[in-house]
Amino acid sequence: MAPLPGMFDVFLNRKFDVFLNHRGPDVKGGFASHLRQALQEAGCRPFLDKPDLEKGLDGQEKIYEALGCASVHVAIFSEHYADSDYCLDELCAMLESEKLIIPVFYDVSPSVLRCENPDGPYTKAFLKFHGRRSESEVNKWKAALHEAAKLNGFKLDDYNGDEVELKTKIVSKVRDQLRASQLPPIRPYQVGLKETSKKLIETLNQMEKDVGVLSLVGMGGIGKTTLAKEIYRHFENNDMFDKKSILMDVKGSAILDLQKQLAHDLFKEDVRSVGKFNECFNRIRDRKVLIVIDDVDKRRQFDELIPDINKLGLGSRIIITSRESNVVNNIMKNGNCKCSRHDMAVLSTPNSRHLFNWHAFHSIDAIDGFKELAEKVADACCGLPLALEVIGCFLFDKREEHDLESTWPETIKTLLTEHEDIFQKLMISYNGLSLEARMMFLDIACFMIGQREHIAMQIFEACKSDYKGPATAFSSLKDKCLFKLDEDKQIVMHDLLRDMGRQVVKNQSHMMEKGTPSHLWDPEIVQQVLQNKEVST
């Protein structure tokens, strides 16, 4: 397969989340380069045109591609910034994107951007464009600078010219904003969520000055993570807690990565070892914090993130989600804190039917001729929100006469046969896919979670022997709710669907002569394969 432009970057999962807008001659050799390096060291992926452009490619195209995929834009306003029409065009594009812009007034004040002084550098710069650029273009640039001048930003003068301190503050602000933008979205249609979250928020409030632990316990796909996110969002924008952190998918993440995230969220510090994290955690005593720890399946995971619950500041709250009731019970016995456990209940029959109808018909009521079948399908999903969503999306376009006579009754029969096995319920949707869509589902489950849509599509389009129409398969999977795209167009997949896809791969490998999986995502198995060892799946 011939590599696409930048294909090595694609396979290395390279993407930019911060775009640095600047005038090169003013700051590229100094402040902008140092800021880029500091952002990289903090775990961000900044784009600074010259060092991040690939040779031989259209520079402007790649600059605007990076601008479009970045979640945060940093505009560094320097003395001669307005001399560059490239800078001004980028600023207009940044404002049009409606993403966060962090202005940095490097050696100018906001008043300079407004051209209040007839002898100011930006005023003079616009005079140079007279006759070279149209009046509408110049007016558009001026309006963009006026908008940027209104934004809260960083001024070098506020730090007495200390670029190191300024750089540190910008990095901290960028990381906070990236963290907030990565909070997984709540599904658009929910039933019973507001009422349950309100009750549990009141439970947390009643714990008063004690350290409080709330555990949400239940089977996969029942809505634990969604409920935890809803509670977290309630507290996200108020001053009840000094610091907050939400740690997603603990079971599937490296503990050190989670410790790094927690240390940054609570202390704005970068830790690179477990020992450094523990030193950092020991300073938590005076801080009132809110921490969500999602999908815990071992006591050890909790202990490595919260080494001593008694050191948490008064009034702190921890919310745990888990499928393992014994693990939760063990955690809640630890420390001098108030604990409350909420056992997740399946949806009631009316709520199950409403949720299913929403996904199958985009209405809380079934369409004519399907009401009785819809009720049977919803009831057979056993009140599990994920199953109701996935099966509803699977049946959304199954409305012909032959679907009424075969597809719907067969779905009901399969659901009733599988009883409580949610994997098998979800497999109904997988089995209904085309061969190409099945292959893409497995690729996404094993490799593409967290990848941006356009990069994933580049990879699929490059695999011409496997994918004849990748856009169709991609759209089909999305329409069937087998994955979602977040606000930044990154692929998001429920962990149960991910696990189901990976289990399919493992099952297929058992049927192969040498037992080597078609997809390798586990580092240990990769190492075995590279060493030509027999793979145990």
* Asked: Do the ring planes of H73 and F19 sit parallel (below 30°), tilted (30 to 60°) or perpendicular (above 60°)?
  -> perpendicular

* Asked: So, is the end of the K480 side chain (NZ or CZ) under 6.0 Å from the ring centre of F394 and within 45° of the ring's axis?
  -> no

* Asked: Are side-chain heavy atoms of H359 and L388 found at a separation under 4.5 Å?
  -> no

* Asked: Does L214 offer a backbone N or O that forms a donor-acceptor pair with the side chain of H342 under 3.5 Å?
  -> no

* Asked: Does CD belonging to E202 count more than 12 external heavy atoms closer than 6.0 Å?
  -> yes

* To do: Using a strict 4.0 Å threshold on nitrogen-to-oxygen distance, state whether E389 and K484 make a salt bridge.
  => yes

* **Ionic contact status for D249 with R498, cut-off 4.0 Å** => yes

* Look only at the side chain of K425 and the backbone of L415, and say whether a donor-acceptor pair between them is shorter than 3.5 Å. => yes

* Side-chain contact test, heavy atoms from C-beta onward, threshold under 4.5 Å: evaluate it for I459 versus D443 and give yes or no. => no

* Asked: Would you say the side-chain atoms of D17 pair up with the backbone N or O of S71, donor to acceptor, closer than 3.5 Å?
  -> no

* **Spacing of T196 atom OG1 and M344 atom CE [to the nearest 0.5 Å]** => 7.0 Å

* Asked: For C446, which residues count as a disulfide (SG to SG under 2.5 Å) partner, sequence neighbours excluded?
  -> none

* Asked: Okay, side chain of K224, backbone of G218: is any donor-acceptor separation there less than 3.5 Å?
  -> yes

* Structure fact -> Partner of M332 under side-chain contact (heavy atoms from CB on, under 4.5 Å), picked from C339, C337, S340, is C339

* Run the salt-bridge test on E195 and K198 with the 4.0 Å N-O cut-off and return the result as yes or no. => no

* Asked: Hey, what do you get for CD1 (I101) to CG (N21), rounding to the nearest 0.5 Å?
  -> 8.5 Å

* To do: Apply side-chain contact (heavy atoms from CB on, under 4.5 Å) to F267 and R287, showing your working.
  => CA-CA 10 Å; F267 303 103; R287 296 175 186 259; 3.4 Å; yes

* F460 side chain near I444 side chain, heavy-atom distance below 4.5 Å -> yes

* Do any N or O atoms from the side chain of S172 and from the backbone of T168 form a donor-acceptor pair under 3.5 angstrom? -> no

* To do: Begin with the C-alpha distance, continue with both residues' side-chain angles, and end with the deciding distance and a verdict on salt bridge (Lys or Arg N to Asp or Glu O under 4.0 Å) for E230 and R233.
  => CA-CA 5 Å; E230 182 71 10; R233 288 177 192 277; 5.3 Å; no

* Asked: Does any non-hydrogen side-chain atom of L48 lie less than 4.5 Å from one of H22?
  -> yes

* Flag, side chain of D162 to backbone of V164, donor-acceptor distance under 3.5 Å -> yes

* How about K338: does its NZ atom have over 12 heavy atoms from other parts shown lying under 6.0 Å from it? -> yes

* Quick one: do D379 and R353 make a salt bridge, cutoff under 4.0 Å? -> yes

* To do: Let me know which of L216, I319, T321 forms a side-chain contact (heavy atoms from CB on, under 4.5 Å) with L227.
  => L216

* Measuring from L384:CG to I222:CD1, what's the distance to the nearest 0.5 Å? -> 6.0 Å

* Asked: For K99, does the NZ atom sit with more than 12 other heavy atoms under 6.0 Å from it, leaving out its own atoms?
  -> yes

* Write down the atom of M448, the atom of A456, and the distance for their closest heavy-atom approach. => SD-CB, 4.2 Å

* Would you check if V292 and F235 make a side-chain contact, meaning some heavy-atom pair closer than 4.5 Å? => no

* List the steps and the verdict of side-chain contact (heavy atoms from CB on, under 4.5 Å) for C44 and V174. => CA-CA 8 Å; C44 304; V174 168; 4.2 Å; yes

* Given salt bridge (Lys or Arg N to Asp or Glu O under 4.0 Å), test R283 with E269 step by step and report yes or no. => CA-CA 12 Å; R283 302 200 306 274; E269 290 194 15; 2.2 Å; yes

* Can you find a heavy atom in the side chain of F277 that is under 4.5 Å from one in the side chain of L262? -> yes

* Qualifying salt bridge (charged side-chain N to carboxylate O under 4.0 Å, His left out) pairs with a residue from residues 305-314, counting only residues at least two apart or across chains -> none

* Any donor-acceptor pair under 3.5 Å linking the side chain of R323 with the backbone of D297? -> no

* To do: Check whether any side-chain heavy atom of V289 sits under 4.5 Å from a side-chain heavy atom of D242, and report yes or no.
  => no

* Could you tell me whether a side-chain N or O of E163 sits under 3.5 Å from a main-chain N or O of F31, the two making a donor and an acceptor? => no

* To do: Please confirm whether the backbone N or O of I246 pairs with a side-chain atom of Q261, one donor and one acceptor, at under 3.5 Å?
  => yes

* To do: Measure the spacing between CG of L482 and OG of S429 and express it to the nearest 0.5 Å.
  => 4.0 Å

* Look at the side chain of R317 and the backbone N and O of L204, then say whether any donor-acceptor pair between them is shorter than 3.5 Å. => yes

* To do: Kindly check if the number of other-residue, nucleotide or ligand heavy atoms within 6.0 Å of NZ (K288) is above 12?
  => yes

* Give, for atom CD1 of I76 and atom CG of L35, the distance between the pair rounded to the nearest 0.5 Å. => 5.5 Å

* Asked: Are D295 and T225 close enough that some pair of their side-chain heavy atoms sits under 4.5 Å apart?
  -> no

* Ignoring hydrogens and angles, state whether a donor on the side chain of N507 or Q503 is under 3.5 Å from an acceptor on the partner side chain. => yes

* Asked: CG of D479 to CZ of F474: how many Å apart, nearest 0.5 Å?
  -> 10.5 Å

* For C481, disulfide (SG to SG under 2.5 Å) partners two or more places apart -> C393

* N326, CG atom: more than 12 neighbouring heavy atoms under 6.0 Å -> yes

* **Residues D265, K244; criterion side-chain contact (heavy atoms from CB on, under 4.5 Å); working and verdict** => CA-CA 7 Å; D265 291 345; K244 311 174 191 72; over 6 Å; no

* Heavy atoms of other groups near R341 CZ, more than 12 under 6.0 Å -> yes

* Is it true that K251 and E324 make a salt bridge, defined as a side-chain N closer than 4.0 Å to a carboxylate O? -> no

